[in-house]
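Proteins get letters first, then strands, A, B, ... in listed order; numbering begins at 1 in each.
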Protein chains: 2
Amino acid sequence: MNALLRDANPPLTRSVEDYLKVIYHLSNQGGFAATSDIAAMLDVAPPSVSGMVKRLSETGLIEHVPYRGVQLTAQGRRAALRMIRRHRILELYLTQHLGYDWGGVHAEAEQLEHAVSDELVERMASALGHPLYDPHGDPIPTAAGEIEEAELVSLADAPVGLKLELRQVGTQDSARLHYLAGQGLTPGVLLTVSERQPFNGPTTVALVPSGDPRVVGRELAQLLWCREVPVDGYGAAAR
Amino acid sequence: MNALLRDANPPLTRSVEDYLKVIYHLSNQGGFAATSDIAAMLDVAPPSVSGMVKRLSETGLIEHVPYRGVQLTAQGRRAALRMIRRHRILELYLTQHLGYDWGGVHAEAEQLEHAVSDELVERMASALGHPLYDPHGDPIPTAAGEIEEAELVSLADAPVGLKLELRQVGTQDSARLHYLAGQGLTPGVLLTVSERQPFNGPTTVALVPSGDPRVVGRELAQLLWCREVPVDGYGAAAR
DNA sequence: TAAGATGATTAGGCTATACTAATTCGATAA
DNA sequence: TTATCGAATTAGTATAGCCTAATCATCTTA
């Protein structure tokens, strides 16, 4: 069919929505998301990402600098935040109204976020009392697409005893990223600082909820940017 | 990739689930579902149906008699009933817990039925008190895939004043089917018998909720099989 | 019983998405 | 400053959907 006659603004596919979400998470503070990181997060091969990147920049959802990476445009960011709002409201609704625990809720929300209508999302938000934070304490974007940016501390500077959520990893270095992923240190993971050796020594953290310890050297700890999580685990109530 | 190495039992796609559902509805009492009827129900071209029919019979979900139509196998029927259970529980949940009315709920459930997990469906069923009927009075299949078959009366024999749901149209004749569809007389529609002329004359019905009257000649009325709907509209409460 | 009508199927294409293998770019290190 | 290596891209292929146009089968009717 003639390309000019096709719908100029077709609804986004499920795949596209997933790409936008991970690009948002990877390029959070103004950086570029690398092809291989996107591929790893979505569990697809890098050439698949190159292909999708091409389509997404043609439709104006991302900006692509070849061999450097991608960033969301304003339009892409809006779409990504819409998905994040859906995801967080779904997680909250499933836990508070349907008895889910924090184990199973992420996978379920991951599926549903592509299928719910805007109306349903707003009805769930209503039923929840229009919450501002999800149970991890992460801010829920507004329906208009605004989000409160959290203040981040590097793990190397975080005080002992604090409960933290790993939000960003400040490197593109693949070896480091793979090492961290192997340790379970990926954005979104919850942890507490259990001790830090003096004289710029390593920091020991415990993963939440497993309690598994991880020892992180200072150099790496400086790259791990975290957000303080309110101790009750429910940001909405705490603020 | 080598076909032998692929997952022997991959999850069904959204499209496949939709095909199975309409084949179930079209071949309800042991008949065959015709290609053109499937195409009309799914709003796709007939060759698309031929293509899908080929794939579905290769995977053992349907039985295909060329130029005659298709029927579900036991496996296909199980999958179809699973979708119908999801759909009906979703409709009930959305109306009872999220304030939906009967207008918007069908489209929303149509999307969600492909995305919810079995666990979520069962949690919603629990929250609803394990209902046996949806708000139309249609029976909800069990998680094990059993469904209560409703007793049907032909519209030509239904007593005046009864509230009915049109369940099956007992013909494959295209002209008749198109005429009925044009009159809004498609399976699922609710109606009440307002009067019947004596000596095998036509039956007049009123559509619910619009109240629009339709006059149906005896020959056609005999083809319209209906289920009696409890007057309160909530089968679950009535039984 | 043969011709037409109608519905089903095949032929041939298109798009979105994925893959592997081959190639190219760019940064690091000698 | 160049050789090298890893990351990114291109080339080429596959699959699940969909489509239109062309053909084929079946049923009805003259």
Side-chain angles (χ1 to χ4, degrees), chain A residues 1-8 10-20 22-23 26 32-59 61-71 114 171-179, chain B residues 1-7 10-20 22-23 26 32-59 61-71 114 171-178:
Chain A
M1 184 194 275
N2 185 328
L4 291 174
L5 294 180
R6 272 204 305 274
D7 191 348
L12 302 181
T13 65
R14 204 208 142 90
S15 237
V16 166
E17 290 174 341
D18 281 335
Y19 273 89
L20 294 177
V22 324
I23 292 167
L26 286 171
F32 284 87
T35 298
S36 54
D37 293 346
I38 298 170
M41 296 263 275
L42 290 171
D43 197 26
V44 299
S48 307
V49 175
S50 288
M52 179 61 93
V53 157
K54 197 164 172 198
R55 289 190 291 274
L56 293 182
S57 34
E58 276 160 10
T59 54
L61 290 161
I62 64 176
E63 215 69 75
H64 180 213
V65 181
Y67 292 96
R68 278 277 290 275
V70 298
Q71 274 183 314
H114 304 289
T171 178
Q172 302 278 81
D173 178 56
S174 195
R176 276 184 250 261
L177 287 169
H178 278 124
Y179 171 77
Chain B
M1 184 194 272
N2 185 326
L4 292 174
L5 295 179
R6 272 204 306 272
D7 190 349
L12 304 181
T13 65
R14 203 208 143 91
S15 233
V16 166
E17 290 174 342
D18 281 335
Y19 274 89
L20 294 177
V22 325
I23 292 168
L26 286 172
F32 284 87
T35 299
S36 53
D37 293 346
I38 299 170
M41 296 265 273
L42 290 170
D43 198 25
V44 299
S48 307
V49 174
S50 288
M52 179 61 92
V53 157
K54 197 165 172 195
R55 289 190 291 273
L56 294 182
S57 34
E58 275 160 9
T59 55
L61 290 161
I62 64 176
E63 215 70 74
H64 180 211
V65 181
Y67 291 96
R68 278 276 290 275
V70 299
Q71 274 183 314
H114 304 289
T171 179
Q172 301 280 79
D173 177 58
S174 195
R176 276 183 249 262
L177 287 169
H178 277 124

Contact nearer the 5' end of DNA chain C, comparing Ala45(A) with Gly51(B): Gly51(B)
From dT9(D), dA8(D), dG17(D), pick the nucleotide closest to the side chain of Ala34(A)? dA8(D)
Is there a side-chain contact between Ile23(B) and Leu61(B) (heavy atoms, below 4.5 Å)? no
Rounded to the nearest Å, what distance is computed from the CZ atom of residue Arg14(B) to the C1' atom of nucleotide dT15(D)? 19 Å
Let's see if you can work this out: which of dA21(D), dA8(C), dA18(C) has an atom nearest to the side-chain heavy atoms of Ser50(B)? dA8(C)
Measuring to OP1 and OP2 of dA8(C), would you say a side-chain N or O of His64(B) lies under 4.0 angstrom away? no
Is Ser15(A) near enough to dA18(C) that one of its side-chain N or O atoms lies under 4.0 angstrom from OP1 or OP2? yes
His64(A) side chain reached by Leu56(A) side chain, heavy atoms, under 4.5 Å: no
Phosphate OP1/OP2 of dA16(D) contacted by Tyr19(B) side-chain N/O (<4.0 Å): no
Within the structure, does a side-chain N or O atom of Arg55(B) lie under 4.0 Å from either OP1 or OP2 of dG17(D)? yes
Any side-chain N or O of Tyr67(B) less than 4.0 Å from the OP1 or OP2 oxygen of dT23(D)? no
I need the CD-C1' distance between Glu17(B) and dG17(D), as an integer number of Å. 15 Å
At 4.0 Å (heavy atoms only), tell me whether Ser48(A) reaches a base, stays on the sugar-phosphate, or touches nothing. base
dA16(C) P sits how many Å from Lys54(A) NZ, rounded? 12 Å
What is the distance, rounded to the nearest whole Å, between atom CG of Leu61(B) and atom P of dA16(D)? 13 Å
Check the pair Val16(A) / Met52(A) against side chain to side chain contact (heavy atoms under 4.5 Å, CB included), numbers first and verdict last. CA-CA 8 Å; Val16(A) 166; Met52(A) 179 61 93; 4.0 Å; yes
Taking CG from Leu26(A) and P from dA7(D), how many angstroms apart are they, rounded to a whole number? 15 Å
Would you say Ser36(A) reaches dG6(D)'s phosphate, i.e. side-chain N/O to OP1/OP2 under 4.0 Å? no
Sequence-distant partners of Ser48(B), side chain to side chain contact (heavy atoms under 4.5 Å, CB included), two or more places apart: Tyr19(B), Val44(B), Ala45(B)
Thr35(A) side chain N/O closer than 4.0 Å to the phosphate oxygens (OP1, OP2) of dT9(D)? yes
Toward the 5' end of DNA chain C, which comes first, Met52(A) or Pro66(A), by nearest nucleotide? Met52(A)
Interatomic distance, Leu42(A) CG vs dA18(C) P [rounded to whole Å]: 8 Å
What's the CG-P distance between Leu12(A) and dT15(C), to the nearest Å? 19 Å
Return the value, rounded to whole Å, for the distance between atom CD of Glu58(B) and atom P of dG17(D). 12 Å
Taking C-beta and beyond as the side chain, do Thr35(A) and Ser50(A) meet within less than 4.5 Å on heavy atoms? yes
